[in-house]
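Here's the structure, in structure tokens; my notes come after.
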2 protein chains.
Amino acid sequence: ILKQDNETLLGLLAEEHHADIAELLEDLNLEEATYIIKLLDSEITSDILMEMDEDDREKVLKNLSSKEIAKELDELDTDDAADMIAELPEERQEKVISKIEDEEHKADIKELLKYDENTAGGLMAKELVKVYENWNVLKCVREMRAQAEFVTRVHSIYVVDEKEELKGRLSLKDLLVTSTKTHISEIYIPKVDSANVHDKAEDVARVMQKYDLEAIPVVDDKNHLLGRITIDDIVDVIKDEADKDYQMAAGLSQDVEADDTLWQHTRARLPWLFLGLLGGIGAASIMGGFEDLISKHAVLFFFTPLIAATAGNVGVQSSAIIVQGLANNDLKGSIGERLFKEFSLSLINGLALSLFLLLFTWIWKGNMLTSIAISISLFSVIVVAGIIGTFIPLFLNKRDIDPALATGPFITTSNDIFGILIYFWIAKMVLGI
Amino acid sequence: ILKQDNETLLGLLAEEHHADIAELLEDLNLEEATYIIKLLDSEITSDILMEMDEDDREKVLKNLSSKEIAKELDELDTDDAADMIAELPEERQEKVISKIEDEEHKADIKELLKYDENTAGGLMAKELVKVYENWNVLKCVREMRAQAEFVTRVHSIYVVDEKEELKGRLSLKDLLVTSTKTHISEIYIPKVDSANVHDKAEDVARVMQKYDLEAIPVVDDKNHLLGRITIDDIVDVIKDEADKDYQMAAGLSQDVEADDTLWQHTRARLPWLFLGLLGGIGAASIMGGFEDLISKHAVLFFFTPLIAATAGNVGVQSSAIIVQGLANNDLKGSIGERLFKEFSLSLINGLALSLFLLLFTWIWKGNMLTSIAISISLFSVIVVAGIIGTFIPLFLNKRDIDPALATGPFITTSNDIFGILIYFWIAKMVLGI
């Protein structure tokens, strides 16, 4: 990178999309990135900054003055501006806000900062096109042209009454096809889905997906129009939710990316590994308690990894199905019905697997009684693990805890221990010791 | 449900959104659902059918005549119509297509059926608003009104030359603000992202997400405009991809929902459980080979579940991070760098966990040599599992196999066996037997 030749550099970058420049900057070192950000116009850099990875953006922002940041914010939509400010340390937030020049923009951003980031309020932008029901189409088009300058994309035009209460919506298409003298109140569509400002982000995502909406207006408890949420923000919510569930299932305790530091990786991975270790120690202690079996029935000990693994697998499978069902909101029937279905399923799977194991161990070791003991244990473990795997996420969900926790190492580890305990207990009974 | 009183029923349903009616029908039995579909106007029922679960829709379609289905298709956008036809048995497809009345619609649907469903061609719709660069704004608005009737939502207006080659786009907003005599060639935006009709659906999703697009035009190899893809279809692609990865990680071998039949569940779950069982039998055989150890060092056998579980956990963690990095396209650096990073990380995690285990086993059993053997084994297993977990998904990806396979039971099971083998092998060496 030629640091000297600003003209050439600007020329080169002018051709690129801001998302591509953002990727480029992430590959540069901090000074170079800051240098380029300062060189470019804030109209472009604000978009570039929004596209950058959160960690990288934070570092660049640290190198900018409050005034420079305020300038970037002036160029951003209110929702993006609020998101960016929220990442700064608190004392810095106030300084930056005080430097924003546009008073209305400032007030909007301040309002958005009040909402929790996982609610409709935290997702919405204040930019929208709004018309009053007593206007006619001509006035409407004129006002819209003025308003549309501040709105990146016009999805729907929202219709409000004089109290700012949401009445309905207009489509640009309808507006194109109607005579200019028509009153808005005659042509607007009164049926409009809206989200309450305190709704959970996930719920808004679900509604927008279900009804295929590209934007949804956000209202307060009194139906006053506050802002709107667009589908691109919802795409991020859906992606984040899915990533979170996936990481949970893979035993990562926090959001971690391949390019994060070793320290971040250690923090994300070590806790669950440690939990797994404790589980393993628990299993070892249990087996220690059955040490007297070892002289007569050493073969029992050979099958502990099999029992533990199967318990874990069955549990994760049934939990994952429930977690996905909850996420997609398509679980029907009562908990009892669910558990009964899982029970029937475990009977089928358990029978198939334990009969196979019975045959194998019998042929291998030739001891029918031990084989029966191992197979009955496997069968019981599968049934118990399946029921626990179904029950835990439903239970967590009832308690308003993220049910995806149930697919994580916590439950897997418990299932392992539980499985081994059942195994030796049943084996001891069957073998009559 | 009153089957007699059609009037009342129609009145009730008229108030509901088609997505809600679809949910309602899924809860009814097949005859009732078919009855209601036949009762309602095809303008509404086509939307209802599209919102229904694939399995339920299939059943209802079986009860409709080819002509009735053709009527539904007439009401749908080409992309949805093609999707619906693709679900029918092949002989039926032709019958239904021949009954579609609108010749242009029929030709469009036939064209779309040629594309693979996982490509841009399989996602796109033929409906779009297209203007020629030599038109002026007035002509453009007039033609658009006519075209817009067939397009559910206007996102962008695409500009083509007389050879139908894509030149750029117009925003509705710009059109609102320009005088009617201006030529399109003067005001269109020549920079427009487009997708090739053979691009993979995932790649299109990535581009649209990266550039925050709400619609993207689809072209053939010669840049002829063929159709467009809208963000709502992309939302489904993203969701499906994420679900697939999640199911893979949870050990479900095919897409299965909580409400599917027992048989479908068994087919999705039993294969991986069986694989796990074979793995367990493998582990048991390995341990059988070390049976001579059992008399002197029974404690070694107590720790096999711990070793196997840790190997599995470490492997899944590192695979999951690579799989997510690949999915989000943000992996940088060579395979070598990646492996080195994972190696360093395994050293840290391995050291922490094995030191803890060393202390515990020493205090518990008081035999320093056994404790050292167990801890060194744990350490080695963590390092090996981490490296395998990183390497396998990168390798699969190079071979164009879905890397998410690496987070599934196949690798976990191999890691288990591998871990136990390393464990006993190292233990034997350290204990000098």
Side-chain angles (χ1 to χ4, degrees), chain A residues 17 19 145 148 154 172-173 176-177 209-212 231-232 235 238-239 242 245-246 249-252 258-259 262 265-266 269-270 273 276-277 280-281 283-284 287-288 291 294 298 301-306 308-310 313 316-317 320-321 325 331-332 344-345 348-349 353 360 407 409 416, chain B residues 17 19 145 148 154 172-173 176-177 209-212 231-232 235 238-239 242 245-246 249-252 258-259 262 265-266 269-270 273 276-277 280-281 283-284 287-288 291 294 298 301-306 308-310 313 316-317 320-321 325 331-332 344-345 348-349 353 360 407 409 416:
Chain A
H17 189 281
R145 285 190 192 177
V154 181
L172 269 176
K173 226 169 80 182
L176 278 174
V177 207
Q209 247 191 306
K210 181 171 169 195
Y211 299 127
D212 275 340
I231 185 83
D232 51 315
V235 170
I238 293 172
K239 195 100 197 13
D245 285 357
Y246 184 71
L252 299 168
D259 288 300
L262 278 180
H265 273 270
T266 308
R269 299 197 198 180
L270 198 52
L273 289 180
L277 190 74
I281 288 177
M287 288 162 79
E291 204 170 351
I294 220 165
F301 287 82
F302 301 162
F303 284 95
T304 44
L306 182 148
T310 309
N313 289 345
V316 168
Q317 283 186 342
I321 287 173
L331 276 193
K332 284 157 207 156
S344 326
L345 196 59
I348 301 175
N349 286 340
L353 294 174
F360 173 83
T407 55
D416 279 9
Chain B
H17 189 282
R145 284 190 193 175
V154 180
L172 268 177
K173 225 170 81 182
L176 277 175
V177 207
Q209 247 191 303
K210 180 169 169 196
Y211 299 128
D212 275 340
I231 185 83
D232 52 315
V235 169
I238 294 173
K239 195 98 201 5
D245 285 357
Y246 184 71
L252 300 167
D259 287 300
L262 278 181
H265 273 269
T266 308
R269 300 195 197 181
L270 198 51
L273 289 180
L277 189 75
I281 288 178
M287 288 163 79
E291 203 170 351
I294 220 165
F301 288 82
F302 301 163
F303 284 95
T304 44
L306 183 149
T310 310
N313 289 346
V316 169
Q317 283 186 341
I321 286 173
L331 277 194
K332 283 156 206 157
S344 327
L345 195 61
I348 301 175
N349 286 340
L353 294 174
F360 173 83
T407 56
D416 279 11

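Counting heavy atoms from C-beta outward, A:Asp416 and B:Pro305 have side chains that stay 4.5 Å or more apart. A 4.5 Å side-chain heavy-atom check between A:Thr304 and B:Thr304 finds at least one atom pair inside the cut-off.
Between chain B and the residues A:Ala283, A:Ala320, A:Ala308, the most heavy-atom pairs under 4.5 angstrom are made by A:Ala320. Interface check for chain A: of the options B:Leu273, B:Ile238, B:Val316, the most heavy-atom pairs under 4.5 Å are formed by B:Leu273. Comparing A:Asn313, A:Thr310, A:Asn349, A:Asp245 by how many heavy-atom pairs each has under 4.5 Å with chain B, the most go to A:Asn349. Among A:Met287, A:His265, A:Gln209, A:Arg269, the residue with the largest count of heavy-atom pairs under 4.5 Å with chain B is A:Arg269. Ranked by heavy-atom pairs under 4.5 Å with chain A, the first of B:Gly288, B:Ala298, B:Gly276 is B:Gly288.
In terms of heavy atoms, A:Ser344 sits closest to B:Leu262 at CB-CD1, 4.0 Å. Shown here for B:Glu291 and A:Phe302, the closest heavy-atom pair between the two residues is CG-CZ, 3.6 Å. Scanning all heavy atoms of the two residues, the minimum distance from B:Leu306 to A:Ile281 falls at CD1-N, 3.5 Å.
Looking at B:Leu345, the atoms closer than 4.5 Å to chain A (heavy atoms on both sides) sit in the backbone and in the side chain alike. Proximity to chain B involves both the backbone and the side chain of A:Tyr246, based on heavy atoms less than 4.5 angstrom apart. At a 4.5 Å heavy-atom cutoff, the contact between A:Ile348 and chain B is made by side-chain atoms alone. Both the backbone and the side chain of A:Leu353 have a heavy atom closer than 4.5 Å to some heavy atom of chain B.
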